2 protein chains.
Amino acid sequence: MQSKPTTIKEIARILNISPSSVSRGLHDHPSIGAVTREKIKQLAKSLNYEPNNAAILFQKGKTYTIGVILPELSEHFFSTAISAIEDEALKKNYTVIFAQSHDDYEQEVKLVEKMKNQRVDGLLVSISKDTCKFDHFEKLNSFNIPVVFFDRIPPFKNVHYVACSLESATVKAVNYLLKKGHRSIGMINGPTTLYASDERKEGYMQAITFNRLKFDPSLIVNCDLTEKGTIEAANQFLNHKRKPTAIVAFNDYVALFLIKYFKQLNVINDFDVVSYANLPIISYLDHSPVASVEQYPYLQGQKAANILLDLIASPNSENQAFYNTIVESDLVVNEVKE
Amino acid sequence: MQSKPTTIKEIARILNISPSSVSRGLHDHPSIGAVTREKIKQLAKSLNYEPNNAAILFQKGKTYTIGVILPELSEHFFSTAISAIEDEALKKNYTVIFAQSHDDYEQEVKLVEKMKNQRVDGLLVSISKDTCKFDHFEKLNSFNIPVVFFDRIPPFKNVHYVACSLESATVKAVNYLLKKGHRSIGMINGPTTLYASDERKEGYMQAITFNRLKFDPSLIVNCDLTEKGTIEAANQFLNHKRKPTAIVAFNDYVALFLIKYFKQLNVINDFDVVSYANLPIISYLDHSPVASVEQYPYLQGQKAANILLDLIASPNSENQAFYNTIVESDLVVNEVKE
DNA sequence: CGAAATTAATCAAACGTTTGCGTTGTTTTT
DNA sequence: AAAAACAACGCAAACGTTTGATTAATTTCG
């Protein structure tokens with residue numbers, strides 16, 4: 001049963017022709033006659049010939065592989081995004097390899113190194129929470145490996161990226177709450193190190209000032225995104241002199257913790273919660289957020305993948321233009337069902 | 001900036017020694033003197049030498065890559081499982097490539113073919129809903145590519161697999177409901193083609209007969225797992241002459257649809273629901289299932305990956321023993337919080 | 001009919017690394 | 001002092017495929 005895979009050489013030997021002719025025959029090269037071509041193809045089929053990919057890749061110096069580095073695959077947002085990436089890659093016959101940074105900077109650096117060693121043709125990255133330095137990506141430049149960031153992107157423009165405009169989405173969210181009549185709106189924001197926290201804060205402030213309201217910094221609480229941190233933030237709001245009547249949660253997990261806590265305290269009906277949608281079934285909650293910011297993970301993955309494949313296809317690296325793609329996020333209002 | 005990566009040849013040329021010595025030096029081969037070795041390593045480092053993986057893989061005829069084929073990455077169960085697989089693979093310096101069948105048999109066949117072409121060292125598979133034939137995996141045998149199935153496994157023993165014992169878990173679930181006093185228990189089962197449906201049915205029957213109750217086949221309803229199908233199943237129960245007071249749902253999605261529907265009808269308090277846990281936040285629901293069968297996706301992925309890596313490491317293929325690993329699933333009782 | 005163009009195939013190098021075997025010198029053993 | 005052992009390295013083949021250059025045979029055309 002140990003059948004060694006058939007090779008081109010083998011076919012050539014049997015047919016008494018040269019390996020190069022076999023190779024050309026299989027690729028419909030014009031310089032191979034129709035009869036020989038057919039003989040080659042038939043024998044190849046009957047011997048179950050399969051091209052040795054490793055050899056081809058080695059020969060061509062390409063891997064037809066794109067790497068994906070992301071924080072945590074089991075988060076719904078990322079698994080959806082990578083699902084899209086895989087779908088797009090498959091269309092162009094690329095293979096996807098991926099690895100998780102588990103939100104650890106050191107690990108991310110190692111993985112970038114590993115991907116480079118694997119000689120991926122390109123890299124898609126969603127950076128870890130801890131990542132503030134970006135040297136590890138610069139190395140890839142000299143190896144001509146294009147990088148496209150998605151969703152969790154570095155805070156500067158001279159890279160390719162696809163991301164959601166959380167700022168404008170936050171504006172929409174706060175506007176929605178203001179229109180519902182809320183006058184004191186709290187925000188549970190993420191750590192200050194996160195770019196996404198800036199965006200949310202910016203959006204919040206824009207909406208507030210645009211509506212000629214006074215911005216109260218104490219209504220934005222930074223939080224480490226754990227359950228404990230969320231509860232502490234919630235307590236700040238409950239004891240606030242201008243107790244908010246609506247809260248913008250950093251993400252669905254925070255919203256979940258918040259709603260759970262408020263239900264325990266039996267004050268859930270005093271608040272409207274708006275969140276950012278990562279989790280698919282959050283709308284099934286009884287006291288689900290009144291609205292959610294949809295970040296279109298599938299679309300983001302799709303766009304990022306296609307940009308990367310474009311970059312790989314056209315090695316005109318001297319073109320200094322950077323793809324800075326913004327996926328407009330939408331505010332999805334949940335129907336009230338009480 | 002177009003720096004071509006440094007090669008062993010390059011280093012050899014500069015140092016005026018042979019490539020083989022460089023290779024051996026870098027691998028601490030004893031037949032290379034300490035001084036030369038150090039010279040080699042220093043130059044390699046200063047030239048940023050990175051081994052060309054494609055060349056190594058080609059040369060060794062191994063890819064250090066394992067393939068994973070699963071139905072749908074965005075399902076929490078699978079993204080958790082593959083996350084575990086990646087973690088285990090990384091420990092042994094293997095790379096993971098994956099692809100989604102999207103629960104389509106034809107697609108699965110193609111993907112197996114593609115994985116074989118990629119010459120993966122081994123394959124982990126969770127089969128699609130549609131898969132009834134298994135010829136496409138047999139081909140891998142002759143290429144000496146080991147396959148380990150996980151979770152969604154074929155219905156026979158002469159393959160390697162890791163799976164949950166849904167049968168015993170279902171016994172536990174039904175027993176739990178019986179102990180709670182329920183005497184008429186409905187089950188929303190999956191399509192009859194699915195092995196998992198058999199297991200659930202078996203478990204149900206075992207628990208019922210063991211408790212010396214009469215088994216009523218009309219209390220098990222097969223369902224296509226859509227929302228519509230779930231509602232139809234629910235209606236059968238509502239109109240049943242022995243209207244059940246508890247229901248075992250095929251999975252969390254079904255449970256979700258069911259609970260939603262029951263809430264609409266305002267009969268949610270007439271039922272206890274038990275489900276199989278795929279979704280992480282289902283316990284946050286107000287009327288969440290009273291208990292869930294935990295299937296340990298991370299553990300399953302971990303075990304499957306390790307078995308596969310074992311099989312790859314020991315090519316004594318004449319050993320006819322098959323790994324048939326059962327991960328005992330547990331019934332997790334949710335605290336009542338009403 | 002001979003030169004040019006076309007067709008069909010071959011040759012050989014190349015991609016980067018590994019590895020069995022051979023070849024030097026030098027040191028140790030008896 | 002000859003034989004054996006060893007240390008340190010080079011040679012060359014091999015892995016499977018692709019591709020530019022070349023050759024040989026055939027056809028076309030002026």
Side-chain angles (χ1 to χ4, degrees), chain A residues 2-41 43-44 47-65 93 116-121 143-144, chain B residues 2-41 43-44 47-65 93 116-121 143-144:
Chain A
Q2 288 280 46
S3 68
K4 287 277 163 248
T6 316
T7 72
I8 278 191
K9 283 185 182 179
E10 182 94 348
I11 298 179
R13 204 176 42 75
I14 298 179
L15 253 41
N16 250 323
I17 57 181
S18 77
S20 45
S21 297
V22 177
S23 172
R24 291 196 162 98
L26 292 170
H27 289 86
D28 292 320
H29 192 280
S31 85
I32 299 294
V35 270
T36 341
R37 196 192 329 124
E38 280 318 302
K39 270 199 291 185
I40 292 171
K41 288 195 174 180
L43 186 59
L47 289 182
N48 265 319
Y49 168 74
E50 300 285 351
N52 181 329
N53 238 296
I56 297 176
L57 302 182
F58 165 56
Q59 210 281 141
K60 296 210 166 182
K62 276 191 67 177
T63 57
Y64 289 94
T65 298
N93 248 301
K116 193 191 51 178
N117 290 3
Q118 297 261 3
R119 299 277 201 284
V120 292
D121 290 344
F143 283 83
N144 236 31
Chain B
Q2 289 280 45
S3 67
K4 288 275 163 250
T6 315
T7 71
I8 279 191
K9 283 185 181 179
E10 182 94 348
I11 297 178
R13 205 178 41 75
I14 298 179
L15 253 43
N16 250 325
I17 57 180
S18 77
S20 47
S21 296
V22 177
S23 171
R24 291 191 164 100
L26 291 170
H27 288 88
D28 292 320
H29 192 282
S31 83
I32 299 295
V35 268
T36 339
R37 192 189 336 120
E38 279 319 303
K39 270 200 291 184
I40 292 171
K41 290 195 174 180
L43 186 59
L47 289 183
N48 264 320
Y49 167 75
E50 300 286 350
N52 180 331
N53 238 295
I56 296 175
L57 301 182
F58 166 56
Q59 211 281 139
K60 295 208 165 182
K62 276 191 68 177
T63 58
Y64 290 95
T65 297
N93 248 298
K116 193 191 51 180
N117 290 3
Q118 297 260 3
R119 300 278 202 284
V120 293
D121 290 344
F143 283 84
N144 237 31

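Order of the sequence lines sets the chain letters (A, B, ...), proteins ahead of strands, with each chain counted from 1. All values derive from a computational prediction rather than experimental measurement.
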Problem set entry | A:Lys62 side chain near C:dC15 phosphate (N/O to OP1/OP2, under 4.0 Å) | no
Exercise. Quick one: B:Ile17 CD1 to C:dT18 P, roughly how many Å, whole number?
Worked result: 14 Å
For this session: Considering just the side-chain nitrogens and oxygens of A:Thr7, establish if one lies under 4.0 Å of OP1 or OP2 belonging to D:dG16.
Result: no
For this session: Output all residues satisfying ring pair (Phe, Tyr, Trp, His ring centres under 6.0 Å) with A:Tyr49, sequence neighbours left out; order by chain, then residue number.
Result: none
Exercise. Would you say a side-chain N or O of A:Thr36 is under 4.0 Å from OP1 or OP2 of C:dA8?
Worked result: no
Problem set entry | Sugar-phosphate, base or nothing in reach of A:Gly33, heavy atoms under 4.0 Å | sugar-phosphate
Exercise. Over how many whole Å does the gap from A:His27 atom NE2 to C:dA8 atom P extend?
Worked result: 19 Å
Exercise. Does the side chain of A:Glu50 reach to within under 4.5 Å of the side chain of A:Pro5, using non-hydrogen atoms?
Worked result: no
Problem set entry | Under 4.0 angstrom between A:Lys9 side-chain N/O and D:dA14 OP1 or OP2 | no
Problem set entry | Atom-to-atom span, CZ of B:Arg13 to P of C:dT17 - whole angstrom | 14 Å
For this session: Decide yes or no, distance alone: a donor-acceptor N/O pair under 3.5 angstrom between the base of D:dC9 and the side-chain of B:Ser20.
Result: no
Problem set entry | Nearest-Å distance for atom pair CG/C1', residues B:Asn16 and D:dG10 | 13 Å
Exercise. Do A:Phe58 and the base of D:dT17 stack face to face, with centres under 5.5 Å apart and an angle between planes under 30°?
Worked result: no
Problem set entry | Value in whole Å for how far the P atom of C:dA12 lies from CD of A:Gln59 | 18 Å
Exercise. Is any side-chain nitrogen or oxygen of B:Ser21 closer than 4.0 Å to OP1 or OP2 of D:dC9?
Worked result: no
Problem set entry | Between C:dG16 (C1') and A:Leu57 (CG): distance, integer Å | 14 Å
For this session: Tell whether A:Arg24 reaches the base of D:dT17 with its side chain through a donor-acceptor pair below 3.5 angstrom.
Result: no
Exercise. Tell me: CD1 of B:Ile11 to C1' of D:dC9, nearest whole Å?
Worked result: 17 Å
Exercise. Is there a side-chain contact between B:Leu47 and B:Ile14 (heavy atoms, below 4.5 Å)?
Worked result: yes
Exercise. Side-chain contact, heavy-atom cut-off 4.5 Å: B:Thr7 with B:Asn52?
Worked result: no
Seminar exercise, completed: Picking from C:dG20, D:dC9, C:dT17, the nucleotide nearest the side-chain atoms of B:Ile56 would be C:dT17
Problem set entry | Salt bridge present between A:Glu38 and A:Lys41 (N-O < 4.0 angstrom) | no
For this session: Check whether any side-chain N or O of B:Ser23 sits under 4.0 Å from OP1 or OP2 of C:dT18, and answer yes or no.
Result: yes
Exercise. Considering heavy-atom distances to DNA chain D, does B:Ala34 or B:Ala55 have its closest nucleotide positioned more toward the 5' end?
Worked result: B:Ala34
Exercise. Rounding to a whole Å, what distance do you find between A:Glu50:CD and D:dC15:C1'?
Worked result: 18 Å
